[in-house]
Participant: 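Got a structure for you, written out below as C-alpha coordinates; questions coming shortly.
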Number of protein chains: 2
Amino acid sequence: MNRNKYRMIYQELSGKIINGEYKQNEQLPSENLLVKQYSVSRETVRKALSLLQTNGFIQKLKGKGSVVIYNESMNFPVSQLISFEEIKESLNMDYITRVESFEKVFAYEHPRVMTALNLTEQTELFRVVRTRRKGDKVNIIDTDYFLVDLMPVLTKEIAEQSIYSYIENKLGQIISFSNKAITFEPMTETELELFGEVTPPYAATVRSIVHLANALPFQYNISKHRASEFKFVDFSRRAVNKK
Amino acid sequence: MNRNKYRMIYQELSGKIINGEYKQNEQLPSENLLVKQYSVSRETVRKALSLLQTNGFIQKLKGKGSVVIYNESMNFPVSQLISFEEIKESLNMDYITRVESFEKVFAYEHPRVMTALNLTEQTELFRVVRTRRKGDKVNIIDTDYFLVDLMPVLTKEIAEQSIYSYIENKLGQIISFSNKAITFEPMTETELELFGEVTPPYAATVRSIVHLANALPFQYNISKHRASEFKFVDFSRRAVNKK
DNA sequence: AAGTGGTCTAGACCACCCG
DNA sequence: GGGTGGTCTAGACCACTTC
(Lines give C-alpha, C1' and ligand atoms only; values in the text may rest on other atoms or scores of the structure.)
Protein backbone atom coordinates (compact mmCIF):
# COMPACT_ATOMS: atom_id res chain seq x y z
CA MET A 1 0.00 0.00 0.00
CA ASN A 2 1.53 3.22 -1.10
CA ARG A 3 -0.31 6.31 -0.10
CA ASN A 4 1.83 8.65 -2.17
CA LYS A 5 -0.02 9.67 -5.28
CA TYR A 6 3.10 10.19 -7.36
CA ARG A 7 4.53 6.80 -6.41
CA MET A 8 1.28 5.10 -7.25
CA ILE A 9 1.32 6.71 -10.66
CA TYR A 10 5.00 5.80 -11.08
CA GLN A 11 4.34 2.20 -10.22
CA GLU A 12 1.33 1.90 -12.46
CA LEU A 13 3.14 3.39 -15.45
CA SER A 14 6.42 1.53 -14.92
CA GLY A 15 4.42 -1.66 -14.52
CA LYS A 16 2.69 -1.08 -17.82
CA ILE A 17 6.01 -0.43 -19.51
CA ILE A 18 7.55 -3.60 -18.12
CA ASN A 19 4.48 -5.63 -19.11
CA GLY A 20 4.71 -4.26 -22.61
CA GLU A 21 1.44 -2.37 -22.42
CA TYR A 22 3.47 0.65 -23.46
CA LYS A 23 6.23 -0.45 -25.83
CA GLN A 24 9.56 1.07 -26.76
CA ASN A 25 9.18 4.24 -28.86
CA GLU A 26 5.53 4.60 -27.95
CA GLN A 27 4.16 7.74 -26.33
CA LEU A 28 2.75 7.93 -22.84
CA PRO A 29 -0.44 9.99 -22.39
CA SER A 30 0.29 13.71 -22.09
CA GLU A 31 0.70 15.32 -18.69
CA ASN A 32 -2.66 17.03 -18.98
CA LEU A 33 -4.36 13.75 -19.76
CA LEU A 34 -2.72 12.05 -16.81
CA VAL A 35 -3.85 14.96 -14.63
CA LYS A 36 -7.43 14.20 -15.61
CA GLN A 37 -7.08 10.41 -15.44
CA TYR A 38 -5.66 10.43 -11.93
CA SER A 39 -7.41 13.57 -10.68
CA VAL A 40 -4.22 15.08 -9.35
CA SER A 41 -2.30 18.28 -9.94
CA ARG A 42 0.17 18.59 -12.77
CA GLU A 43 3.21 18.77 -10.47
CA THR A 44 2.25 15.42 -9.02
CA VAL A 45 2.09 13.84 -12.45
CA ARG A 46 5.41 15.46 -13.30
CA LYS A 47 7.01 13.99 -10.19
CA ALA A 48 6.01 10.51 -11.33
CA LEU A 49 7.28 11.14 -14.86
CA SER A 50 10.59 12.50 -13.55
CA LEU A 51 11.10 9.28 -11.63
CA LEU A 52 10.37 7.26 -14.75
CA GLN A 53 12.91 9.34 -16.61
CA THR A 54 15.72 9.08 -14.08
CA ASN A 55 15.16 5.35 -13.86
CA GLY A 56 15.51 4.89 -17.60
CA PHE A 57 11.92 4.11 -18.52
CA ILE A 58 11.05 7.19 -20.57
CA GLN A 59 12.56 10.22 -22.23
CA LYS A 60 10.62 13.47 -22.08
CA LEU A 61 10.64 15.53 -25.25
CA LYS A 62 9.81 19.19 -24.99
CA GLY A 63 6.78 20.08 -27.07
CA LYS A 64 6.11 16.47 -27.95
CA GLY A 65 5.54 14.14 -25.05
CA SER A 66 7.05 11.25 -23.12
CA VAL A 67 8.41 8.38 -25.16
CA VAL A 68 9.23 4.92 -23.79
CA ILE A 69 12.94 4.04 -24.06
CA TYR A 70 12.94 0.98 -21.83
CA ASN A 71 13.43 -2.32 -23.54
CA GLU A 72 13.60 -5.71 -22.07
CA SER A 73 17.09 -6.50 -23.28
CA MET A 74 18.32 -4.00 -20.72
CA ASN A 75 18.60 -7.22 -18.87
CA PHE A 76 17.59 -5.86 -15.63
CA PRO A 77 19.32 -3.41 -13.42
CA VAL A 78 22.25 -5.13 -11.77
CA SER A 79 23.30 -1.52 -11.44
CA GLN A 80 20.60 -0.92 -8.89
CA LEU A 81 20.83 -1.44 -5.22
CA ILE A 82 19.10 -4.75 -5.10
CA SER A 83 19.66 -7.94 -3.19
CA PHE A 84 20.54 -11.23 -4.76
CA GLU A 85 17.25 -12.76 -3.67
CA GLU A 86 15.37 -9.94 -5.37
CA ILE A 87 17.27 -10.39 -8.62
CA LYS A 88 16.69 -14.11 -8.44
CA GLU A 89 12.98 -13.58 -8.03
CA SER A 90 12.59 -11.03 -10.79
CA LEU A 91 14.55 -13.11 -13.28
CA ASN A 92 13.22 -16.51 -12.25
CA MET A 93 16.68 -17.86 -11.65
CA ASP A 94 17.25 -21.21 -10.08
CA TYR A 95 20.22 -20.39 -7.90
CA ILE A 96 20.85 -21.95 -4.55
CA THR A 97 22.47 -20.02 -1.74
CA ARG A 98 24.81 -21.83 0.65
CA VAL A 99 26.30 -20.22 3.73
CA GLU A 100 30.00 -21.19 3.71
CA SER A 101 31.00 -19.28 6.79
CA PHE A 102 29.24 -17.31 9.50
CA GLU A 103 31.17 -15.63 12.31
CA LYS A 104 31.59 -12.57 14.48
CA VAL A 105 34.75 -10.56 13.93
CA PHE A 106 36.28 -7.29 15.10
CA ALA A 107 36.67 -4.38 12.75
CA TYR A 108 40.44 -4.19 13.21
CA GLU A 109 40.82 -7.66 11.74
CA HIS A 110 39.47 -6.31 8.45
CA PRO A 111 41.07 -2.90 8.05
CA ARG A 112 39.61 -2.26 4.63
CA VAL A 113 36.11 -2.72 5.99
CA MET A 114 36.90 -0.64 9.06
CA THR A 115 37.97 2.27 6.89
CA ALA A 116 35.11 1.96 4.46
CA LEU A 117 32.43 1.89 7.14
CA ASN A 118 34.28 4.40 9.30
CA LEU A 119 34.42 2.16 12.37
CA THR A 120 36.45 1.99 15.54
CA GLU A 121 38.76 -0.98 16.04
CA GLN A 122 36.57 -2.76 18.58
CA THR A 123 33.36 -2.60 16.57
CA GLU A 124 31.84 -6.03 16.14
CA LEU A 125 30.84 -7.28 12.73
CA PHE A 126 29.11 -10.28 11.30
CA ARG A 127 31.14 -11.79 8.51
CA VAL A 128 29.09 -13.97 6.20
CA VAL A 129 30.43 -15.85 3.20
CA ARG A 130 27.83 -17.22 0.82
CA THR A 131 28.07 -19.05 -2.48
CA ARG A 132 25.43 -18.85 -5.18
CA ARG A 133 25.21 -22.11 -7.09
CA LYS A 134 23.45 -23.32 -10.14
CA GLY A 135 23.46 -27.08 -9.92
CA ASP A 136 26.95 -27.95 -8.73
CA LYS A 137 28.59 -24.92 -10.19
CA VAL A 138 29.51 -21.98 -8.00
CA ASN A 139 28.87 -18.77 -9.88
CA ILE A 140 29.17 -16.11 -7.22
CA ILE A 141 30.94 -15.80 -3.89
CA ASP A 142 29.51 -13.08 -1.65
CA THR A 143 31.34 -11.90 1.42
CA ASP A 144 29.37 -9.52 3.64
CA TYR A 145 30.12 -7.55 6.76
CA PHE A 146 27.24 -6.22 8.86
CA LEU A 147 27.18 -4.13 12.01
CA VAL A 148 26.34 -6.38 14.96
CA ASP A 149 24.79 -3.44 16.81
CA LEU A 150 22.22 -3.02 14.11
CA MET A 151 20.97 -6.58 14.12
CA PRO A 152 21.92 -8.47 17.21
CA VAL A 153 20.10 -11.61 16.21
CA LEU A 154 21.34 -12.35 12.69
CA THR A 155 21.57 -16.10 12.23
CA LYS A 156 22.86 -18.53 9.66
CA GLU A 157 19.26 -19.37 8.79
CA ILE A 158 18.46 -15.77 7.99
CA ALA A 159 21.60 -15.55 5.88
CA GLU A 160 20.36 -18.48 3.83
CA GLN A 161 17.29 -16.46 3.00
CA SER A 162 17.34 -12.74 2.25
CA ILE A 163 19.20 -10.57 4.72
CA TYR A 164 17.75 -7.49 3.04
CA SER A 165 14.23 -8.67 3.59
CA TYR A 166 15.13 -9.28 7.24
CA ILE A 167 16.55 -5.79 7.64
CA GLU A 168 13.66 -4.05 5.95
CA ASN A 169 10.70 -6.13 7.05
CA LYS A 170 11.77 -7.38 10.47
CA LEU A 171 14.06 -4.62 11.66
CA GLY A 172 12.16 -1.82 9.95
CA GLN A 173 15.32 -0.17 8.66
CA ILE A 174 15.38 1.51 5.27
CA ILE A 175 18.22 0.65 2.91
CA SER A 176 18.94 3.68 0.84
CA PHE A 177 22.10 4.06 -1.23
CA SER A 178 25.49 2.57 -2.00
CA ASN A 179 28.85 3.15 -3.58
CA LYS A 180 30.16 0.39 -5.79
CA ALA A 181 33.44 -0.32 -7.49
CA ILE A 182 33.93 -2.98 -10.14
CA THR A 183 37.36 -4.46 -10.78
CA PHE A 184 38.88 -7.58 -12.30
CA GLU A 185 41.18 -9.38 -9.92
CA PRO A 186 43.18 -12.61 -9.87
CA MET A 187 41.45 -15.23 -7.75
CA THR A 188 42.82 -16.23 -4.41
CA GLU A 189 43.40 -19.87 -3.60
CA THR A 190 40.33 -19.99 -1.39
CA GLU A 191 38.27 -18.62 -4.21
CA LEU A 192 39.70 -21.11 -6.68
CA GLU A 193 38.75 -23.91 -4.32
CA LEU A 194 35.18 -22.69 -4.06
CA PHE A 195 34.79 -22.01 -7.76
CA GLY A 196 36.54 -25.16 -8.91
CA GLU A 197 38.37 -24.95 -12.21
CA VAL A 198 38.06 -21.54 -13.75
CA THR A 199 39.59 -20.05 -16.84
CA PRO A 200 40.77 -17.41 -16.67
CA PRO A 201 41.47 -17.48 -12.91
CA TYR A 202 40.11 -13.98 -12.59
CA ALA A 203 37.10 -12.73 -10.69
CA ALA A 204 34.88 -9.83 -11.56
CA THR A 205 34.74 -8.15 -8.19
CA VAL A 206 32.08 -5.75 -7.02
CA ARG A 207 32.73 -4.01 -3.72
CA SER A 208 29.87 -2.05 -2.19
CA ILE A 209 29.37 0.15 0.82
CA VAL A 210 25.68 0.21 1.60
CA HIS A 211 23.96 2.91 3.66
CA LEU A 212 20.66 3.23 5.48
CA ALA A 213 18.29 6.15 4.93
CA ASN A 214 19.85 7.91 7.91
CA ALA A 215 23.15 7.78 6.01
CA LEU A 216 24.71 5.20 8.34
CA PRO A 217 27.02 2.81 6.47
CA PHE A 218 25.97 -0.62 7.69
CA GLN A 219 27.18 -3.18 5.15
CA TYR A 220 30.35 -3.91 3.24
CA ASN A 221 29.93 -6.40 0.43
CA ILE A 222 32.40 -8.16 -1.81
CA SER A 223 30.81 -10.02 -4.66
CA LYS A 224 33.05 -12.24 -6.80
CA HIS A 225 31.86 -13.55 -10.13
CA ARG A 226 33.38 -15.80 -12.77
CA ALA A 227 34.87 -13.20 -15.08
CA SER A 228 33.83 -15.03 -18.19
CA GLU A 229 30.17 -14.87 -17.24
CA PHE A 230 30.02 -11.46 -15.66
CA LYS A 231 27.91 -8.71 -17.15
CA PHE A 232 27.06 -5.42 -15.49
CA VAL A 233 24.34 -3.33 -17.07
CA ASP A 234 23.93 0.34 -16.40
CA PHE A 235 21.74 3.23 -17.42
CA SER A 236 23.16 6.70 -17.06
CA ARG A 237 22.24 10.24 -17.90
CA ARG A 238 24.52 13.04 -18.89
CA ALA A 239 25.11 15.41 -16.00
CA VAL A 240 23.23 18.70 -15.94
CA ASN A 241 26.41 20.59 -15.15
CA LYS A 242 26.80 22.06 -18.59
CA LYS A 243 26.31 25.79 -18.60
CA MET B 1 25.08 31.06 -18.13
CA ASN B 2 22.24 29.08 -16.62
CA ARG B 3 19.00 30.91 -16.29
CA ASN B 4 17.30 28.12 -14.34
CA LYS B 5 17.15 29.06 -10.71
CA TYR B 6 17.22 25.49 -9.48
CA ARG B 7 20.23 24.61 -11.61
CA MET B 8 22.10 27.65 -10.39
CA ILE B 9 21.44 26.62 -6.82
CA TYR B 10 22.43 23.03 -7.65
CA GLN B 11 25.68 24.15 -9.21
CA GLU B 12 26.57 26.49 -6.40
CA LEU B 13 25.93 23.88 -3.74
CA SER B 14 27.59 20.99 -5.58
CA GLY B 15 30.56 23.26 -6.22
CA LYS B 16 30.86 24.03 -2.54
CA ILE B 17 30.69 20.34 -1.70
CA ILE B 18 33.38 19.45 -4.22
CA ASN B 19 35.59 22.31 -2.99
CA GLY B 20 35.22 21.06 0.54
CA GLU B 21 33.34 24.13 1.74
CA TYR B 22 30.70 21.68 2.92
CA LYS B 23 32.40 18.50 4.10
CA GLN B 24 31.19 14.95 4.46
CA ASN B 25 28.70 14.53 7.32
CA GLU B 26 28.10 18.27 7.56
CA GLN B 27 24.64 19.77 7.23
CA LEU B 28 23.53 22.01 4.42
CA PRO B 29 21.41 25.05 5.37
CA SER B 30 17.74 24.14 5.86
CA GLU B 31 15.28 24.50 3.01
CA ASN B 32 13.70 27.55 4.62
CA LEU B 33 17.07 29.23 4.96
CA LEU B 34 17.92 28.54 1.33
CA VAL B 35 14.53 29.97 0.34
CA LYS B 36 15.51 33.21 2.03
CA GLN B 37 19.11 33.22 0.81
CA TYR B 38 18.17 32.74 -2.83
CA SER B 39 14.79 34.50 -2.71
CA VAL B 40 13.01 31.65 -4.43
CA SER B 41 10.10 29.43 -3.56
CA ARG B 42 10.55 26.31 -1.53
CA GLU B 43 9.76 23.95 -4.42
CA THR B 44 12.62 25.48 -6.37
CA VAL B 45 15.05 24.88 -3.52
CA ARG B 46 13.73 21.36 -3.21
CA LYS B 47 14.32 20.70 -6.91
CA ALA B 48 17.97 21.64 -6.49
CA LEU B 49 18.30 19.47 -3.39
CA SER B 50 16.65 16.52 -5.14
CA LEU B 51 19.23 16.74 -7.88
CA LEU B 52 22.02 16.80 -5.32
CA GLN B 53 20.52 13.71 -3.72
CA THR B 54 20.09 11.68 -6.90
CA ASN B 55 23.63 12.55 -7.93
CA GLY B 56 25.08 11.29 -4.68
CA PHE B 57 26.07 14.57 -3.04
CA ILE B 58 23.65 14.65 -0.11
CA GLN B 59 21.17 12.56 1.79
CA LYS B 60 17.99 14.22 3.01
CA LEU B 61 16.85 13.24 6.47
CA LYS B 62 13.26 13.86 7.43
CA GLY B 63 12.94 16.19 10.39
CA LYS B 64 16.68 16.85 10.45
CA GLY B 65 18.14 18.29 7.30
CA SER B 66 20.42 17.55 4.36
CA VAL B 67 23.73 15.91 5.15
CA VAL B 68 26.69 15.74 2.79
CA ILE B 69 27.63 12.17 1.81
CA TYR B 70 29.98 12.97 -1.05
CA ASN B 71 33.60 12.27 -0.46
CA GLU B 72 36.47 12.76 -2.75
CA SER B 73 37.58 9.15 -2.77
CA MET B 74 34.50 8.42 -4.83
CA ASN B 75 37.10 8.84 -7.46
CA PHE B 76 34.91 10.51 -9.86
CA PRO B 77 31.98 9.11 -11.69
CA VAL B 78 33.21 6.92 -14.50
CA SER B 79 29.66 5.71 -14.20
CA GLN B 80 28.38 8.94 -15.65
CA LEU B 81 27.88 9.71 -19.26
CA ILE B 82 31.05 11.66 -19.73
CA SER B 83 33.63 11.82 -22.47
CA PHE B 84 37.22 10.77 -22.09
CA GLU B 85 38.42 14.33 -22.59
CA GLU B 86 36.18 15.52 -19.80
CA ILE B 87 37.45 12.84 -17.41
CA LYS B 88 41.00 13.70 -18.38
CA GLU B 89 40.40 17.35 -17.61
CA SER B 90 38.67 16.82 -14.31
CA LEU B 91 41.33 14.42 -13.06
CA ASN B 92 44.33 16.20 -14.55
CA MET B 93 45.46 13.11 -16.36
CA ASP B 94 48.27 13.16 -18.84
CA TYR B 95 46.87 10.83 -21.44
CA ILE B 96 47.50 11.21 -25.14
CA THR B 97 44.87 10.28 -27.68
CA ARG B 98 45.96 8.79 -31.00
CA VAL B 99 43.61 8.06 -33.85
CA GLU B 100 44.52 4.58 -35.09
CA SER B 101 41.87 4.28 -37.73
CA PHE B 102 39.25 6.55 -39.26
CA GLU B 103 36.88 5.32 -41.96
CA LYS B 104 33.37 5.29 -43.30
CA VAL B 105 31.55 1.95 -43.16
CA PHE B 106 28.08 0.57 -43.80
CA ALA B 107 25.89 -0.62 -41.00
CA TYR B 108 25.55 -4.13 -42.40
CA GLU B 109 29.29 -4.65 -42.03
CA HIS B 110 28.88 -4.31 -38.27
CA PRO B 111 25.69 -6.16 -37.45
CA ARG B 112 25.98 -5.72 -33.71
CA VAL B 113 26.10 -1.96 -34.15
CA MET B 114 23.28 -2.05 -36.67
CA THR B 115 21.04 -3.85 -34.20
CA ALA B 116 22.02 -1.72 -31.24
CA LEU B 117 21.38 1.57 -33.02
CA ASN B 118 18.36 0.19 -34.88
CA LEU B 119 19.72 1.03 -38.35
CA THR B 120 19.01 -0.09 -41.89
CA GLU B 121 21.74 -1.99 -43.75
CA GLN B 122 22.79 0.90 -45.96
CA THR B 123 23.17 3.46 -43.17
CA GLU B 124 26.62 5.05 -43.25
CA LEU B 125 28.73 5.19 -40.12
CA PHE B 126 32.01 6.69 -39.10
CA ARG B 127 34.18 4.09 -37.45
CA VAL B 128 36.91 5.61 -35.30
CA VAL B 129 39.52 3.66 -33.36
CA ARG B 130 41.49 5.61 -30.80
CA THR B 131 44.12 4.62 -28.28
CA ARG B 132 44.65 6.44 -25.00
CA ARG B 133 48.30 6.36 -24.02
CA LYS B 134 50.29 7.29 -20.98
CA GLY B 135 53.85 7.59 -22.22
CA ASP B 136 54.36 4.63 -24.52
CA LYS B 137 51.83 2.46 -22.81
CA VAL B 138 48.40 1.96 -24.34
CA ASN B 139 45.81 1.84 -21.58
CA ILE B 140 42.54 2.09 -23.43
CA ILE B 141 41.32 1.27 -26.93
CA ASP B 142 38.13 3.07 -27.90
CA THR B 143 36.17 2.04 -30.95
CA ASP B 144 33.30 4.36 -31.86
CA TYR B 145 30.58 4.33 -34.45
CA PHE B 146 28.75 7.56 -35.28
CA LEU B 147 25.89 8.31 -37.67
CA VAL B 148 27.28 10.06 -40.74
CA ASP B 149 23.96 11.82 -41.29
CA LEU B 150 24.28 13.55 -37.98
CA MET B 151 27.72 15.02 -38.56
CA PRO B 152 28.70 15.07 -42.17
CA VAL B 153 32.02 16.75 -41.53
CA LEU B 154 33.63 14.67 -38.80
CA THR B 155 37.39 14.59 -39.38
CA LYS B 156 40.40 12.83 -37.97
CA GLU B 157 41.48 16.12 -36.41
CA ILE B 158 38.22 16.45 -34.52
CA ALA B 159 38.56 12.83 -33.38
CA GLU B 160 41.92 13.67 -31.87
CA GLN B 161 40.21 16.28 -29.74
CA SER B 162 36.84 15.79 -28.13
CA ILE B 163 34.08 14.52 -30.37
CA TYR B 164 31.55 15.26 -27.64
CA SER B 165 32.57 18.88 -27.49
CA TYR B 166 32.18 19.01 -31.28
CA ILE B 167 28.71 17.51 -31.13
CA GLU B 168 27.49 19.73 -28.34
CA ASN B 169 29.22 23.00 -29.10
CA LYS B 170 29.51 22.96 -32.88
CA LEU B 171 26.51 20.88 -33.89
CA GLY B 172 24.27 22.07 -31.08
CA GLN B 173 23.02 18.56 -30.30
CA ILE B 174 22.29 17.50 -26.75
CA ILE B 175 23.73 14.22 -25.55
CA SER B 176 21.36 12.76 -23.05
CA PHE B 177 21.54 9.16 -21.88
CA SER B 178 23.18 5.79 -22.47
CA ASN B 179 23.02 2.10 -21.78
CA LYS B 180 26.26 0.44 -20.80
CA ALA B 181 27.37 -3.10 -20.31
CA ILE B 182 30.62 -4.13 -18.67
CA THR B 183 32.15 -7.50 -19.46
CA PHE B 184 35.47 -9.26 -19.33
CA GLU B 185 36.60 -10.57 -22.71
CA PRO B 186 39.60 -12.26 -24.30
CA MET B 187 41.63 -9.81 -26.36
CA THR B 188 41.70 -10.10 -30.11
CA GLU B 189 45.03 -10.20 -31.93
CA THR B 190 44.62 -6.62 -33.08
CA GLU B 191 44.06 -5.55 -29.53
CA LEU B 192 47.07 -7.47 -28.29
CA GLU B 193 49.18 -5.72 -30.89
CA LEU B 194 47.97 -2.32 -29.78
CA PHE B 195 48.30 -3.03 -26.08
CA GLY B 196 51.63 -4.81 -26.36
CA GLU B 197 52.23 -7.54 -23.80
CA VAL B 198 49.36 -7.87 -21.41
CA THR B 199 48.68 -10.35 -18.68
CA PRO B 200 46.08 -11.59 -18.58
CA PRO B 201 45.21 -11.27 -22.27
CA TYR B 202 41.74 -10.15 -21.27
CA ALA B 203 40.14 -6.75 -21.57
CA ALA B 204 37.62 -5.04 -19.35
CA THR B 205 35.11 -4.05 -21.98
CA VAL B 206 32.50 -1.34 -21.74
CA ARG B 207 29.94 -1.18 -24.54
CA SER B 208 27.65 1.85 -24.66
CA ILE B 209 24.73 2.96 -26.77
CA VAL B 210 24.48 6.72 -26.46
CA HIS B 211 21.33 8.74 -27.22
CA LEU B 212 20.55 12.36 -27.93
CA ALA B 213 17.90 14.31 -26.03
CA ASN B 214 15.38 13.46 -28.75
CA ALA B 215 16.03 9.80 -27.91
CA LEU B 216 17.88 9.08 -31.17
CA PRO B 217 20.67 6.53 -30.68
CA PHE B 218 23.67 8.11 -32.41
CA GLN B 219 26.80 6.44 -31.03
CA TYR B 220 28.00 2.93 -30.31
CA ASN B 221 31.16 2.77 -28.24
CA ILE B 222 33.43 -0.11 -27.28
CA SER B 223 36.00 0.79 -24.68
CA LYS B 224 38.67 -1.80 -23.90
CA HIS B 225 40.80 -1.46 -20.81
CA ARG B 226 43.70 -3.42 -19.35
CA ALA B 227 41.86 -5.62 -16.89
CA SER B 228 44.46 -5.13 -14.20
CA GLU B 229 43.95 -1.38 -14.15
CA PHE B 230 40.25 -1.15 -14.69
CA LYS B 231 37.99 0.33 -12.06
CA PHE B 232 34.38 1.35 -12.49
CA VAL B 233 32.82 3.43 -9.75
CA ASP B 234 29.11 3.77 -9.29
CA PHE B 235 26.61 5.43 -6.98
CA SER B 236 23.17 3.90 -6.78
CA ARG B 237 19.99 4.34 -4.81
CA ARG B 238 17.55 1.69 -3.80
CA ALA B 239 14.49 1.71 -6.02
CA VAL B 240 11.29 3.25 -4.69
CA ASN B 241 9.27 0.23 -5.79
CA LYS B 242 8.71 -1.11 -2.32
CA LYS B 243 5.12 -0.91 -1.29
C1' DA C 1 6.35 23.56 20.54
C1' DA C 2 9.41 24.73 17.00
C1' DG C 3 11.99 23.35 13.15
C1' DT C 4 12.79 20.19 9.48
C1' DG C 5 11.76 17.72 5.21
C1' DG C 6 7.60 15.29 2.27
C1' DT C 7 3.48 15.80 -0.40
C1' DC C 8 0.05 18.21 -2.95
C1' DT C 9 -2.49 21.95 -5.09
C1' DA C 10 -4.03 25.71 -8.56
C1' DG C 11 -2.41 28.77 -11.29
C1' DA C 12 0.88 31.32 -14.04
C1' DC C 13 4.16 32.16 -17.88
C1' DC C 14 7.49 30.28 -20.99
C1' DA C 15 9.75 27.59 -24.98
C1' DC C 16 9.22 24.10 -28.18
C1' DC C 17 6.81 21.25 -31.84
C1' DC C 18 3.58 20.60 -35.46
C1' DG C 19 -0.08 21.19 -38.61
C1' DG D 1 -2.60 28.53 -32.75
C1' DG D 2 -3.17 24.69 -29.93
C1' DG D 3 -0.85 21.15 -27.58
C1' DT D 4 3.19 19.67 -25.05
C1' DG D 5 6.67 19.81 -21.54
C1' DG D 6 9.79 23.21 -18.28
C1' DT D 7 9.98 26.45 -14.60
C1' DC D 8 8.31 28.92 -10.69
C1' DT D 9 5.25 30.56 -7.10
C1' DA D 10 2.54 30.88 -2.49
C1' DG D 11 0.31 28.40 0.40
C1' DA D 12 -1.40 24.34 2.75
C1' DC D 13 -1.15 20.15 5.62
C1' DC D 14 1.50 16.27 7.21
C1' DA D 15 5.24 13.33 9.62
C1' DC D 16 9.43 13.25 11.84
C1' DT D 17 13.15 15.03 15.07
C1' DT D 18 14.68 17.59 18.89
C1' DC D 19 14.36 20.07 23.03
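Quick note on labels: first sequence line is chain A, next is B, and so on, each numbered from 1.
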Participant: Report the residue (A:G63 or A:E43) whose heavy-atom-nearest nucleotide on DNA chain C is the more 5′ of the two.
Facilitator: A:E43
Participant: Find the distance B:E31:CD to D:dT9:P and express it as a whole number of Å.
Facilitator: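 In whole Å, D:dT9 P and B:E31 CD are 14 Å from each other.
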Participant: Taking only the side-chain heavy atoms of B:N32 (C-beta and beyond), determine which of C:dT4, C:dC8, D:dT4 contains the nearest atom.
Facilitator: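 The nucleotide sitting nearest to the side chain is C:dT4.
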Participant: Whole angstrom is fine here: how far is it from OH in A:Y10 over to C1' in C:dG6?
Facilitator: 18 Å
Participant: With respect to the phosphate group of D:dT9, does any side-chain polar atom (N or O) of B:T44 fall under 4.0 Å of OP1 or OP2?
Facilitator: yes
Participant: Of all the choices, D:dT9, C:dA12, D:dC8, which nucleotide is nearest to the side chain of A:R42 once you look at every atom?
Facilitator: C:dA12
Participant: From the set D:dT9, D:dC8, C:dC8, return the single nucleotide nearest to any side-chain atom of B:Y6.
Facilitator: D:dC8
Participant: Let's see if you can work this out: which of C:dG6, C:dT9, D:dG6 has an atom nearest to the side-chain heavy atoms of A:S41?
Facilitator: C:dT9
Participant: When you measure from the side chain of A:R46, which nucleotide among D:dT7, C:dG5, D:dT9 comes out closest?
Facilitator: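 Selected nucleotide: D:dT7.
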Participant: Is the side chain of A:T123 donor-acceptor paired with the backbone N or O of A:L119 at a distance under 3.5 Å, no angle test?
Facilitator: no
Participant: Could you check B:M151 against B:K170 for side chain to side chain contact (heavy atoms under 4.5 Å, CB included), going step by step and ending with a plain yes or no?
Facilitator: CA-CA 10 Å; B:M151 30 188 180; B:K170 291 293 191 312; over 6 Å; no
Participant: Taking only side-chain N and O atoms of A:K64, does any of them lie within less than 4.0 angstrom of OP1 or OP2 on C:dC18?
Facilitator: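 Looking at the OP1 and OP2 atoms of C:dC18, one of them is under 4.0 Å from a side-chain N or O of A:K64.
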Participant: Name the nucleic acid region contacted by A:L49, choosing base, sugar-phosphate or nothing; use a 4.0 angstrom heavy-atom cut-off, strictly under.
Facilitator: nothing
Participant: Within this structure, what is the CG-to-P distance between A:L28 and D:dT4, rounded to whole angstrom?
Facilitator: 13 Å
Participant: Would you please indicate yes or no on a ring centroid separation below 6.0 angstrom for A:H211 and A:F218?
Facilitator: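 They do not qualify: ring centres at least 6.0 Å apart.
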Participant: Within the pair A:K60 and D:dT4, is there a side-chain N or O less than 4.0 Å away from OP1 or OP2?
Facilitator: no
Participant: In whole angstrom, what separates A:I9's CD1 from C:dT7's P?
Facilitator: 13 Å
Participant: Check every atom of D:dG5, C:dG11, C:dG5 against the side chain of B:S30 and return the nucleotide holding the closest atom.
Facilitator: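 The answer is C:dG5, which lies nearest to the side chain.
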Participant: Report the nucleotide, chosen from C:dG6, C:dC8, C:dT4, that has the shortest atom-to-atom distance to any side-chain atom of B:K62.
Facilitator: C:dG6
Participant: In this structure, is the centre-to-centre distance between the rings of B:Y70 and B:F57 below 6.0 Å?
Facilitator: yes
Participant: In this structure, how many angstroms lie between the P atom of C:dG5 and the NZ atom of B:K47, rounded?
Facilitator: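 The distance from NZ of B:K47 to P of C:dG5 comes to 18 Å, rounded to the nearest Å.
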Participant: With a 6.0 Å cut-off on ring centres, are B:F126 and B:Y145 close enough?
Facilitator: no
Participant: Nearest whole angstrom, please: distance from the C1' of C:dG5 to the CG of B:L33.
Facilitator: 14 Å
Participant: Measure the CG-CD distance between A:L125 and A:E109 for me, rounded to the nearest 0.5 Å.
Facilitator: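 Atom-to-atom, A:L125:CG and A:E109:CD are 9.0 Å apart.
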Participant: Is any side-chain nitrogen or oxygen of B:K5 closer than 4.0 Å to OP1 or OP2 of D:dT9?
Facilitator: yes
Participant: Between the base of C:dG6 and the side chain of A:R7, is one N or O donor paired with an acceptor at under 3.5 angstrom?
Facilitator: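 Result: no qualifying N/O pair found.
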Participant: How close or far is atom C1' of C:dG3 from atom CG of B:L34, stated in whole angstroms?
Facilitator: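 Nearest whole value for this atom pair: 14 Å.
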Participant: How close or far is atom P of C:dG5 from atom CG of B:L52, stated in whole angstroms?
Facilitator: 13 Å
